[in-house]
Every structure is written in C-alpha cells, then in structure tokens.
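Take a look at the structure set out below.
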Amino acid sequence: MTDKFDKTPAASPAGQVSVSKAATTAPENIKAIPVRHVGRWISGVVVIGLLVALGYAFSQGNIQWQAVGDKLFDSNVVAGAGRTLLISVLAMVLGVILGVVLAVMRLSKNPVTSWVAWLYIWFFRGTPVYVQLLLWFNLALIFPVLNIPFIYKDEMTDVMTPFMCALLGLALNEAAYMAEICRAGIQSVDEGQTEASHALGMTQAKTMRRVVLPQALRVIIPPTGNEFINMLKTSSLVYAVTYNELLRSTSQIGSTSYAVMEMLFVASIWYIVMTSVFSVGQYYLERRYARGSLRSLPLTPLQRVKTNLAAFSNRPSGGVSA
C-alpha cells in the first residue's frame, strides 16, 4: 500500500516572498548608461584644433581676401569657367561614344579589331594626358599640311587650334578608360541574355543595342560619372596648349594684378562648385539606375536628415523600459 503525500504547501520561511507575489511585482526600469568613448572626444578635439590652427595661419598670411571676392564673378573668370565646362562635356561625350565602340571591338571575335582596340587602349593609358596634349599641339612639326585627297587640305597650324588640341587630347585619352569601363559593364551581363536573344533571331548588333547595353548601364553609369568629375579637373591641363579655360583665365588676371595666389583660390572655388554640383547629379543618376537591382532604394541626403530629426524628436526621455 502506497504512502499518501501531503499536498498542502509548506509554510514559507521567514523573509521569503511567495512566488505569486513576486510574479505580480512589476520590474524596475532599466537605466541604460551609454559607454564613454574617450578616444572619440580626444580625436575630435585634436582635429578641431588642427582646423583652427590652419584657419589662423591663413588669416595671418599675406592674402588679399577682398580680391578673391571681387574677382570671383569677374567676366573673364566666368567665361573661362564656361569654356572649362564646354570642353569637359564635349570631350566626355566623344570619349563615351568612342569608348563603347572600342569595348565592342575588344570583345569581338575578330582578332584584327580586338587587337587594334587593345593597342589603342594600351597606348593612351600608358602615356600622360599632358604629353598627349603637347603631341597634338606640335603636330605641325611633322605634318605641316593636313591633306586628305579630294576632301580637305589646309595648314596644320590652322587645323590644330587650341580648342581642337584640347578636345582631341582629352577625348581620345578618356576613350581608353571608358572602353575598359564599358567592357566591364558588358561582361557583367549574364551570357544567357545573349543566347536567348540569338534564339529569338536577333542579330549580334541588335542584341548588343537592345539587350546587353541597357542592362550594362547599371554598372557603367557610376564610374562614368566619376570620370566626368575627374574630367572637369583634368581640363586644367589644356593650359599647356593655350586654350583659355578657367585656370588660364585666372592666371592671366593674377599675372597682371599681382594677385597670383588669390586668383588660384578663385579657380579652386569654381572647380569645387562645379564638381560638387555634378556629384549631386551623379548620386541621383546612380540611384535611378539602381531601381532594378535593389529591393528598396537608399535614402537621399534630405530624407536621411528628416529621418534623423524624427528619430531624435521621438526619442523617449529617461531610462529604457524593459
């Protein structure tokens, strides 16, 4: 016969809280104490100190800041900035068009066209832009006359104007880099797309134009925007071929007014403004072409600011509840 157990709860020891009472007691709020990042504060103070010292050094230098403000919108400076923008846009357009052609030639199964494209890219990527500009500028030394039978004939000095030298020097050099960018974009498209197009009866040229290149733009666009921003700064090298762009315009004013450094500051401000404007355009262009590859587009800078402000204003005061 089994023993009977007493099922009545034993008396709680003195000072011990019962389980039911403890379960009904609400836990206390957790007070989150942020971790102190001493290194961040020290590095921040050091950086601010260096910036203050740099600003103080420039304020004590022999710089006529009034001349910078007076010449910032000078007619010659604005005209030079316009010519810089013009030569950069034209050189970039020609570079992109020729770069696409060279990329297709490089990927061609024809060994002649592939080899010629590789040789072009090898030469123009292997020589500095400054040297290429001087070669075009002094082309009349080896070809005094440009003679295309039954089409055109003229003195080379009349053909190779400063504008033409600048355009050819920048555009042909840019085409070599754009060829590699376009080639990488084309190769990023899955080969099944090409095979499916051929199965539908599309030609090689139509497949490239209607199927491959539109998909490759997502890879081509970001570095192309970066190349254009770099082109704006590289255009200052056409100073060597006497093309009157921004740097040459400001240098001429500086040499006559003896405000050399001040005019260099003016040129720097214009370059920074132009590159900043096109950097914003590049960001939104990249965001547009990323729609097909991302589930959700990244927030724009304005949207980030609004989100951070909303999170800061809705942040609860006091401790964090459990």
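Every heavy atom of this structure was used, including side-chain atoms; hydrogens, water molecules and symmetry mates were not.
Here OG1 of Thr234 is found 8.0 Å from CG of Asn173. Values are rounded to the nearest 0.5 Å. From Leu170, atom CG reaches atom CH2 of Trp136 across 12.0 Å, with rounding to the nearest 0.5 Å. Between the CE atom in Met263 and the OG atom in Ser249 there is a gap of 9.0 Å [rounded to 0.5 Å]. Here Ser236 contributes atom OG and Glu245 contributes atom CD; the two are 6.5 Å apart, rounded to the nearest 0.5 Å. Rounding to the nearest 0.5 Å places OG of Ser197 at 9.5 Å from CD of Gln204.
Although no hydrogens or angles enter the test, the distance criterion places a donor-acceptor pair under 3.5 Å between the side chain of Thr224 and the main chain of Ile220. Between the side chain of Asn138 and the main chain of Leu134, a donor-acceptor pair closer than 3.5 Å is present. Using modelled atom types, no side-chain atom of Gln252 and backbone atom of Ser255 make a donor-acceptor pair closer than 3.5 Å.
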Could you pull out all donor-acceptor pairs under 3.5 Å where a side-chain atom in residues 140-164 meets a protein atom, sequence neighbours excluded?
| unit_1 | atom_1 | unit_2 | atom_2 | d |
| --- | --- | --- | --- | --- |
| Tyr152 | OH | Asp154 | OD2 | 3.2 |
| Thr161 | OG1 | Met164 | N | 3.3 |

May I have the list of side-chain donor-acceptor pairs in residues 178-191 shorter than 3.5 Å, sequence neighbours left out?
| unit_1 | atom_1 | unit_2 | atom_2 | d |
| --- | --- | --- | --- | --- |
| Glu180 | OE1 | Arg183 | NH2 | 2.9 |
| Glu180 | OE2 | Arg106 | NH1 | 2.9 |
| Glu180 | OE2 | Arg183 | NE | 3.4 |
| Ser188 | OG | Gly185 | O | 2.5 |
| Asp190 | OD2 | Gly192 | N | 2.9 |

Only pairs under 3.5 Å count here: list side-chain donor-acceptor contacts from residues 76-103, not counting sequence neighbours, and write none if there are none.
| unit_1 | atom_1 | unit_2 | atom_2 | d |
| --- | --- | --- | --- | --- |
| Arg83 | NE | Asn244 | O | 2.5 |
| Arg83 | NH2 | Asn244 | O | 3.3 |
| Thr84 | OG1 | Gly80 | O | 3.1 |
| Thr84 | OG1 | Leu246 | N | 3.0 |
| Ser88 | OG | Thr84 | O | 2.7 |

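With hydrophobic clusters built from ILVMFWY side chains whose heavy atoms lie under 4.5 angstrom apart, Val131 does not share a cluster with Leu168. Under a hydrophobic clustering in which Ile, Leu, Val, Met, Phe, Trp and Tyr are joined whenever their side-chain heavy atoms come within less than 4.5 Å, directly or via other members, Ile272 and Ile229 fall into different clusters. Cluster membership check: Trp122 shares its hydrophobic cluster with Trp115, using side-chain heavy-atom separations under 4.5 Å among Ile, Leu, Val, Met, Phe, Trp and Tyr. Cluster annotation: Met231 is connected to Tyr130 through the hydrophobic network of ILVMFWY side chains, with a link wherever side-chain heavy atoms come within less than 4.5 Å. Hydrophobic clustering, with ILVMFWY side chains joined whenever heavy atoms are under 4.5 angstrom apart, keeps Leu167 apart from Leu172.
Pairs passing the salt bridge (charged side-chain N to carboxylate O under 4.0 Å, His left out) check and including a residue from residues 110-119, sequence neighbours excluded, do not occur.
In this structure, the side chain to side chain contact (heavy atoms under 4.5 Å, CB included) partners of Lys206, at least two apart in sequence or on a different chain, are Met202, Thr203, Arg209, Arg210. Contacts of Thr194 classified as side chain to side chain contact (heavy atoms under 4.5 Å, CB included), with partners at least two apart in sequence or in another chain: His198, Thr207, Val212. Under the ring pair (Phe, Tyr, Trp, His ring centres under 6.0 Å) criterion, Phe228 pairs with Phe278, sequence neighbours left out. When the side-chain hydrogen bond (donor to acceptor under 3.5 Å, both in side chains) test is applied to Gln64, no partner is found at least two apart in sequence or on another chain. In this view, Trp65 and Phe265 satisfy the ring pair (Phe, Tyr, Trp, His ring centres under 6.0 Å) rule, not counting sequence neighbours. Taking Leu50 as the reference, Val46 meet the side chain to side chain contact (heavy atoms under 4.5 Å, CB included) condition, with sequence neighbours excluded. For Tyr271, the ring pair (Phe, Tyr, Trp, His ring centres under 6.0 Å) test picks out no residue, with sequence neighbours left out. Annotation: side chain to side chain contact (heavy atoms under 4.5 Å, CB included) contacts of Thr127 (sequence neighbours excluded): Phe123, Gln132.
At a threshold of 4.5 Å between non-hydrogen side-chain atoms, the residues Lys71 and Asp74 count as touching. For the pair Val45/Ile48, no side-chain contact is recorded, criterion being any heavy-atom separation below 4.5 Å from C-beta on.
Nearest heavy atom pair, residue Tyr243 against residue Arg248, reads O-CD, 3.5 Å. Of all non-hydrogen atoms in Arg40 and Ser43, the two that sit nearest each other are O-OG, 2.9 Å. Minimum heavy-atom separation, Ala166 to Leu133: CA-CD2, 4.0 Å. Here the closest non-hydrogen pair linking Asn226 and Gln282 is N-NE2, 3.4 Å. Nearest heavy atom pair, residue Thr113 against residue Asn110, reads OG1-O, 3.1 Å.
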Criterion side-chain contact (heavy atoms from CB on, under 4.5 Å) on Ser114 and Leu107, from CA distance to verdict:
CA-CA 7 Å; Ser114 179; Leu107 297 173; over 6 Å; no
Trace of the side-chain contact (heavy atoms from CB on, under 4.5 Å) decision for Thr242 with Phe137
CA-CA 9 Å; Thr242 68; Phe137 188 65; 4.2 Å; yes
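Between Phe124 and Tyr120, a ring centre-to-centre spacing shorter than 6.0 Å is recorded.
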